[in-house]
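Reading through the structure tokens given below for one structure.
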Amino acid sequence: MLDQSNRPALPPEIARRRTFAIISHPDAGKTTLTEKFLLFGGAIQMAGQVRAKGEARRTRSDFMALEKERGISVSASAMSFDFSQWRFNLVDTPGHSDFSEDTYRTLTAVDAAIMVIDGAKGVESQTRKLFEVCRLRDLPILTFCNKMDRESRDTFEIIDEIQSNLAIDVAPASWPIGMGRDFLGCYDILHDRLELMDRADRNRVAESIKIEGLDDPKLAQHVPAEQLEKLREELEMARALLPAFDRQSFLEGHLTPIWFGSAINSFGVKELMSGMGEFGPEPQIQKAAERGIAPEETPVTGFVFKVQANMDPKHRDRVAFVRLASGHFERGMKLLHVRSKKPMAVTNPVLFLAADRELAEEAWAGDIIGIPNHGQLRIGDALTEGESLRFTGIPSFAPELLQGVRAGDPMKAKHLEKALMQFAEEGAAKVFKPMIGSGFIVGVVGALQFDVLASRIELEYSLPVRFEGSQFTSARWVMGPKAAVEAFVNVNKGHIAHDSDGDLVYLTRLQWDIDRVSRDHPEVRLTATKEMMV
Ligand SMILES: Nc1nc2c(ncn2[C@@H]2O[C@H](COP(=O)(O)OP(=O)(O)OP(=O)(O)O)[C@@H](O)[C@H]2O)c(=O)[nH]1
């Protein structure tokens, strides 16, 4: 993370923004927690709206109306709502288990993350993977230990597991009193409060009782003697053994505060939200190749981190999700699309706000706006008020699975090319055009993506396609001095392809291929990631 010290105070509108994602292993409770955030942020009126699936699916809040009207499926990607004095921008990470680079890119657009773990299961595989991505970016992480209303692990054991498994310090922000059927609530360590859970009403916020330290007689009025004794003992031990919360250490990504709760019972959620508001980072400096872009800079800048295609086959509209890096954006602004060097009037930006706001009249650094477009905006693109900036850090990853693809009708090859290019730009797949032979090779990170692609190509382009095995298993981008790369390409034509940006890639069968290249062509570098820059 860039050095943010000695910076001037941010304008209040920017300083109150918190832009973050929620990461978790499937089933830990991310959706439930998101829903409660929206509920307490006034974005939905009733829990259950996010969860409801299928026909009855009344997606998050009222932007469903927008979704219907425009026929775009955008609701889940970014949500803005106010909570207390803060404006939260919650960016959704894809939920399916095929781990995709979409998630990585999403995490380039946020300043912090909330890690949800299941109190009975602790740190799971997907949690760890996502955590590592956050760590690469030094993102501050708040932890929510969910499902405390069920039998969970011992509190110290959970904390210990996080510390040793993820190599991060854990500071308890709250401490659970009992668990499972005996779970009463939590002691709020940061504010010396007792929070008691109301099991009868899942949408009710916990009762909060101000406590004057652990010897306050009020504690005994609410907590049975046996549990109170245990609480006192545990808190004493926690104070001796665990680090205290330190905001600087948290902001630098070395320490995570942990809250315990039960999302489904709305318990612990408000405390977590307040934690994000009180301690979470303000919009941070964003890295560009030229310099760091500070949020308080007056000119508006932003970058595209996600493109979502229209799910309605009748329209080819797409929505580009832009993280504003600096400035105060107003609807109708003309921004420079740096890659094409063309001006772009942003007349109908979408802010995924609660209630009736659908068009973003204004937005500030830290916000996420959606810009409907016909394909001009691609992942990694920069929008500015004239400066030629290239934002860095949006990665493109080598695919882990490759397959050839053919149109069911050979006359439709051109159509297929167009469809594939669209998906490549959207970031849904890598598309490679081999130097030798016809056809395309498609690369993905998870097998499920092939099925999704096949059905989308059929649905959106009326084009049945067939995926078939390929002799290649992975791909690497080719870098190096021009002459060395040319010599390398000349003797490896059967392995060479171009990606959808026209960049050279080397298609590999085995690790052995890669080793051979580094032996025979020491000046050529094969890389598994490509930083997307315009
Ligand atoms: N007992 C209990 N169950 C919970 C709690 N929070 C969520 N659940 C349940 O756990 C299951 C998974 O919750 P989700 O919110 O769908 O979890 P998720 O992480 O979004 O899961 P994916 O959609 O698979 O990514 C659901 O059946 C929830 O009702 C909780 O606090 N206590």
Side-chain angles (χ1 to χ4, degrees), residues 20-41 43-44 46-54 56-61 73 75-79 90-100 102-103 106-107 113-131 133-134 141-153 155 158 174 176-186 195-206 258-273 446 448-449 452:
F20 61 95
I22 303 183
I23 58 171
S24 77
H25 190 85
D27 220 39
K30 188 178 78 161
T31 311
T32 310
L33 186 66
T34 302
E35 183 171 271
K36 296 299 162 89
F37 270 45
L38 296 177
L39 185 69
F40 297 147
I44 53 174
M46 206 177 74
Q49 286 176 285
V50 179
R51 171 143 316 289
K53 295 227 163 91
R57 188 181 172 119
R58 306 243 324 269
T59 15
R60 309 163 191 204
S61 87
S73 174
S75 56
S77 296
M79 295 154 266
L90 200 177
V91 188
D92 197 42
T93 50
H96 57 78
S97 61
D98 265 343
F99 192 61
S100 84
D102 225 30
T103 311
T106 298
L107 292 171
I114 291 176
M115 171 168 80
V116 184
I117 60 171
D118 179 328
K121 295 187 179 146
V123 176
E124 296 175 85
S125 58
Q126 193 91 332
T127 329
R128 192 174 307 112
K129 275 187 177 178
L130 290 160
F131 176 87
V133 182
C134 295
I141 296 174
L142 297 90
T143 303
F144 186 70
C145 183
N146 192 27
K147 305 197 186 182
M148 294 305 290
D149 59 308
R150 288 223 190 121
E151 283 310 309
S152 356
R153 294 198 199 162
T155 312
I158 294 169
S174 72
I177 307 171
M179 66 154 101
R181 251 175 305 158
D182 299 327
F183 180 61
L184 283 185
C186 282
E195 312 283 353
L196 296 176
M197 186 170 90
D198 181 352
R199 276 175 196 266
D201 187 347
R202 291 183 158 187
N203 291 327
R204 229 180 78 115
V205 180
I258 184 168
W259 282 262
F260 294 83
S262 168
I264 205 153
N265 289 295
S266 304
F267 184 79
V269 178
K270 276 211 158 169
E271 290 70 25
L272 176 67
M273 292 173 86
L448 185 68
Q449 284 171 274
V452 173

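Note that ligands are numbered from 1 as they come in the structure, with each ligand's atoms numbered from 1 the same way. Since the structure is predicted, the reported quantities are computational estimates derived from the model, not experimental observations.
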(request) Could you name the option among Val116, Val269, Asp149, Ile22 that has the heavy atom nearest to atom 32 (N) of ligand 1? (result) Asp149
(request) Nearest heavy atom to atom 28 (C) of ligand 1 wins, so pick from Thr34, Thr32, Ile23. (result) Thr32
(message) Working to the nearest 0.5 angstrom, can you tell me the gap between Phe40 CZ and Lys270 NZ?
(response) 6.0 Å
(message) Can you name the atoms of ligand 1, numbered from 1 with element, that are less than 4.0 Å from a heavy atom of Ser262?
(response) 30 (C), 31 (O), 32 (N)
(message) So Val133 and Lys129, do their side chains get closer than 4.5 Å, heavy atoms only?
(response) no
(message) Tell me which one of Leu33, Ile141, Ile23 satisfies side chain to side chain contact (heavy atoms under 4.5 Å, CB included) with Ile114.
(response) Leu33
(request) Pick one of side chain, backbone, both or neither for how Ile264 approaches ligand 1, counting any non-hydrogen atom pair under 4.0 Å. (result) both
(request) Measure the spacing between SG of Cys145 and CE of Met115 and express it to the nearest 0.5 Å. (result) 9.5 Å
(message) At under 4.0 Å between heavy atoms, is it the side chain or the backbone of Asn265 that contacts ligand 1, or both, or neither?
(response) neither
(message) Checking the N or O distance criterion of under 3.5 Å, is ligand 1 in contact with Leu33?
(response) no
(message) Just checking Phe183 against Phe267, ring centres under 6.0 Å apart?
(response) yes
(message) In the structure I gave you, are the side-chain heavy atoms of Lys121 and His25 within less than 4.5 Å of one another anywhere?
(response) no
(message) Which of the numbered atoms in ligand 1 are under 4.0 angstrom from any heavy atom belonging to Arg150?
(response) 1 (N), 3 (N)
(request) Tell me which part of Lys30 gets within contact of ligand 1: side chain, backbone, both or neither, using heavy atoms under 4.0 Å. (result) both
(request) Decide yes or no for Cys134 and Leu107: does some side-chain heavy atom of the first lie under 4.5 Å from some side-chain heavy atom of the second? (result) yes
(request) Using non-hydrogen atoms of the residue, decide whether Asp27 is closer than 4.0 angstrom to ligand 1. (result) yes
(request) Would you kindly specify which portion of Ser24 sits under 4.0 Å from ligand 1, judged on non-hydrogen atoms: side chain, backbone, both or neither? (result) side chain
(message) For the 3.5 Å polar cut-off, considering only N or O atoms, please tell me whether Pro26 and ligand 1 meet it.
(response) no
(message) Between ligand 1 and Gly261, is the shortest N or O to N or O distance under 3.5 Å?
(response) no
(request) Enter the distance from Lys147:NZ to Ile264:CD1 here, rounded to the nearest 0.5 Å. (result) 8.0 Å
